[in-house]
**Student:** 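Before we start, here is the structure in question, set down as structure tokens.
Just so it is clear, the values below take in all heavy atoms, side chains as well, and ignore hydrogens, waters and symmetry mates. By convention here, the first residue in the shown sequence is residue 1.
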Amino acid sequence: MRGTEDLGAGNSAIFVLESGFSPDTGTMQSSRLFGRQAFVGLQNSTYGKLMLGRQYTSFFEGMANFAPMRFATTYEP
């Protein structure tokens, strides 16, 4: 699940809850309910983003653009 809420004046609240499953068996890939990413944050059109919670590392985010299936790993709200 992903969402944004416009707070006005160029500000937005954002959240991401990601979970993975095995396509073969349908079981969860992790013991956590949202084992991939789970964070909330604030986004401003001038100052950028502040995100708190479990999220991908900056190295993963940077290298995901060079992966053959990058559309499956990245998301820009």
**Student:** Which residues pass the side-chain contact (heavy atoms from CB on, under 4.5 Å) test with Thr57, sequence neighbours left out?
**Tutor:**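 Checked Thr57 against side-chain contact (heavy atoms from CB on, under 4.5 Å); matches are Phe59, Phe60.
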**Student:** Is Leu42 isolated, or which residues cluster with it under the ILVMFWY side-chain rule of less than 4.5 Å, directly or via members?
**Tutor:**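 Reading the cluster by chain and number, Leu42 sits alongside Leu7.
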**Student:** Taking side-chain contact (heavy atoms from CB on, under 4.5 Å) as the definition, give me every residue that meets it alongside Thr46, ordered by chain and number, with sequence neighbours left out.
**Tutor:**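 Scan of Thr46 (side-chain contact (heavy atoms from CB on, under 4.5 Å), adjacent residues dropped) gives Asn44.
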**Student:** Side-chain heavy atoms under 4.5 angstrom apart, residues restricted to Ile, Leu, Val, Met, Phe, Trp, Tyr: same cluster for Leu17 and Val40?
**Tutor:**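 Both belong to a single hydrophobic cluster.
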**Student:** With sequence neighbours left out, what residues match Ser58 under side-chain contact (heavy atoms from CB on, under 4.5 Å)?
**Tutor:**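 Applying side-chain contact (heavy atoms from CB on, under 4.5 Å) to Ser58 gives none.
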**Student:** How long is the straight-line distance from CD of Glu5 back to CZ of Phe15, given to the nearest 0.5 Å?
**Tutor:**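 With rounding to 0.5 Å, CZ (Phe15) is 10.0 Å from CD (Glu5).
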**Student:** Which pair of non-hydrogen atoms, one from Arg54 and one from Phe39, has the smallest distance, and what is that distance?
**Tutor:**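 Scanning both residues completely, I find the closest heavy atoms to be O-CD2, 3.9 Å.
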